[in-house]
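Below is one structure, written out as structure tokens; the observations come after it.
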Protein chains: 2
Amino acid sequence: MARLPIYHRVLSQITERGIITVSSEELAAASGVSSAKLRKDLSFLGSYGTRGVGYDAAYLLYQIQRELGLTQDWPVVIVGVGNLGHALANYGGFANRGFRVVGLIDADPALVGETITVGRDGQTLMIHSLDDLEKIVTEVDALIGVIATPAAAAQDVCDRLVDCGVTSILNFAPVVLTTSSAVHVRKVDLATELQILAFHEQRRGDAHEVIV
Amino acid sequence: MARLPIYHRVLSQITERGIITVSSEELAAASGVSSAKLRKDLSFLGSYGTRGVGYDAAYLLYQIQRELGLTQDWPVVIVGVGNLGHALANYGGFANRGFRVVGLIDADPALVGETITVGRDGQTLMIHSLDDLEKIVTEVDALIGVIATPAAAAQDVCDRLVDCGVTSILNFAPVVLTTSSAVHVRKVDLATELQILAFHEQRRGDAHEVIV
DNA sequence: ACCTGTGAAAGCCTTCACAGCA
DNA sequence: TGCTGTGAAGGCTTTCACAGGT
């Protein structure tokens, strides 16, 4: 379920504050969902709550971690180290959730060979040539790939990643990737998100005009 | 509808290639949806197709642009010019879809006063202090705000943006923002996206184990 | 012959409401 | 009494299938 990561984050914060038990009502409010929805979601994992009391925060957190696969370490390769790829490589939120950026690949010869900081601990990683994609991915044994290339390059990169055994892809390029159905592709399109907001803004404006 | 931006992008590419008419089947395939779904979506806008023929690509594109509010120009303010904010400011995909980054704000005094390139045309924009948020937002009359700050600062920034009249917010900080229901908030959480992929990866592994 | 537009059916997700247990 | 777990109801989205134009 797509909401588990949210519960995971909220529970992390709650346990850090030393809270032992939490009710579905409280957890739901902090996650921005209804309590009924939250209980349905959690019941999908099993019965980890206590009637009349609530959920043991630490235990529930562990169960969600297990379900999300955060008890293990996922090597991630980022292809395309432009502004966005750079931001992703630097993003501190990955490390403490089980993701380790272990490969950086870019087509620009000016970038190849440069080392950049990965995560927040000051570790550095060298940028490799697109020609070495197969070598790098196989070497680090990555199952997850991030595509932060221009749109034109994305499909080719995707095909090559899949050929090397990558089975999950996070795509930031504004194209619809076609792959075998065995590969999981998620897309994040920054411009699309803004367009959806603009759409609502405009509707708001239309409504106003009618009122006026 | 959340899929209109995808159709918009696909149609842009199609018209650039000089194609005049397009069937629901073709457009759906290029957009990664079923043809029935696409026709339902488009019928929501009105009857812009011709039975037995298909859709006039240019005309349909215009109608979608109008519906999405892309025929007008949306001033956007970005708060938080770290790696991600920087990437967003530089992102070329905004300009040609009606979005104009007109304000950059950051709390870090080291960044304030610096000018960075915005969009792909080499225009530059100065980074302003968080203290001047109200002044800047009012000045440029932005209705759309992007929050790319650390999690701890996000809610405060959000409140201040809303107070200045911002009614749509794109939030990259990993927190659930609470606002008046009149404000549209969309959230993009990079770590969450990876977690969802890892979730599927793990399920895949589980299935394997059962088979073995 | 071909392709759109759309009612009807099916499926999925959310909400309600309460039984059941601490 | 209080809160979880869950059937049942309701609403929304997708798919089906075909009538209706060109």
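These numbers were taken from a predicted model, which means no experiment stands behind them. Throughout, a chain's letter reflects where its sequence line sits, starting with A, and its residues are numbered from 1. As a basis for the values below, the full set of heavy atoms in this structure was taken, side chains included, without hydrogen atoms, waters or symmetry mates.
One cannot find a donor-acceptor pair under 3.5 Å joining the base of dT13(D) and the side-chain atoms of K40(B).
Nucleotide dC12(D) holds its P atom 12 Å from the CE atom of M1(B), rounded to whole Å. At whole-Å resolution of the value, CD in Q63(A) and P in dG5(D) are 12 Å apart. Rounded to whole Å, the distance from OH on Y55(B) to P on dG21(D) is 16 Å. Across the protein-nucleic acid pair, R51(B) atom CZ and dA19(D) atom C1' stand 8 Å apart, rounded to whole Å. Per the geometry, CZ belonging to F44(B) stands 10 Å off P belonging to dT13(D), to the nearest Å. Taking atom CZ of residue R3(B) and atom P of nucleotide dC12(D), one finds them 16 Å apart after rounding to whole Å. To the nearest angstrom, P of dG5(D) lies 12 Å from CG of D41(A). The interatomic distance linking E25(A) (CD) with dG2(D) (C1') rounds to 12 Å, in whole Å.
Taking the six-membered ring for Trp and the full ring otherwise, the centers of Y59(B) and Y48(B) sit less than 6.0 Å from each other. Annotation: Y91(B) is in aromatic contact with F94(B) [ring centroid separation under 6.0 Å].
Among D163(A), L177(A), V166(A), the one residue that satisfies the side chain to side chain contact (heavy atoms under 4.5 Å, CB included) test with C158(A) is L177(A).
A heavy-atom distance below 4.5 Å is not found between the side chains of I196(A) and L194(A). Considering only heavy atoms from C-beta on, I169(A) stays 4.5 Å or farther from H184(A) through its side chain.
No donor-acceptor pair under 3.5 Å is formed between the side chain of W74(B) and the backbone N or O of E201(A). Looking only at distances, a side-chain donor or acceptor of D106(A) sits under 3.5 Å from a matching main-chain atom of V81(A). With hydrogens and angles ignored, the 3.5 Å screen pairs no side-chain donor or acceptor of T50(A) with any backbone N or O of V53(A). Checking side-chain atoms of R160(A) against main-chain N and O of L130(A) turns up a donor-acceptor pair under 3.5 Å.
For the pair G54(B) and A36(A), nearest-nucleotide mapping onto DNA chain C gives the more 5' position to G54(B). Nucleotides of DNA chain D nearest to S43(A) and G52(A) differ in position, and the one nearer the 5' end is that of G52(A).
Within 4.0 Å (heavy atoms only), S35(A) reaches no atom of the nucleic acid at all.
Checked for salt-bridge contact, E25(A) and R39(A) miss the test: no charged N lies under 4.0 Å from a carboxylate O.
Rotation axes derived from the C1' atoms of the five outermost pairs at either end of the helix from dA1(C)-dT22(D) to dA22(C)-dT1(D) lie 0° apart, to the nearest 10°.
In terms of phosphate contacts, Y48(A) brings no side-chain nitrogen or oxygen within less than 4.0 Å of OP1 or OP2 of dC3(D). For the OP1/OP2 pair of dT4(D) and a distance below 4.0 Å, the side-chain nitrogens and oxygens of S24(A) include at least one atom meeting the criterion.
Once you apply a 4.0 Å limit to the heavy atoms of chain B, the touched nucleotides of DNA chain C run 5' to 3' over dC2(C) to dA8(C).
Comparing atom distances between the S23(A) side chain and each of dT4(D), dC18(D), dG21(D) picks out dT4(D) as nearest.
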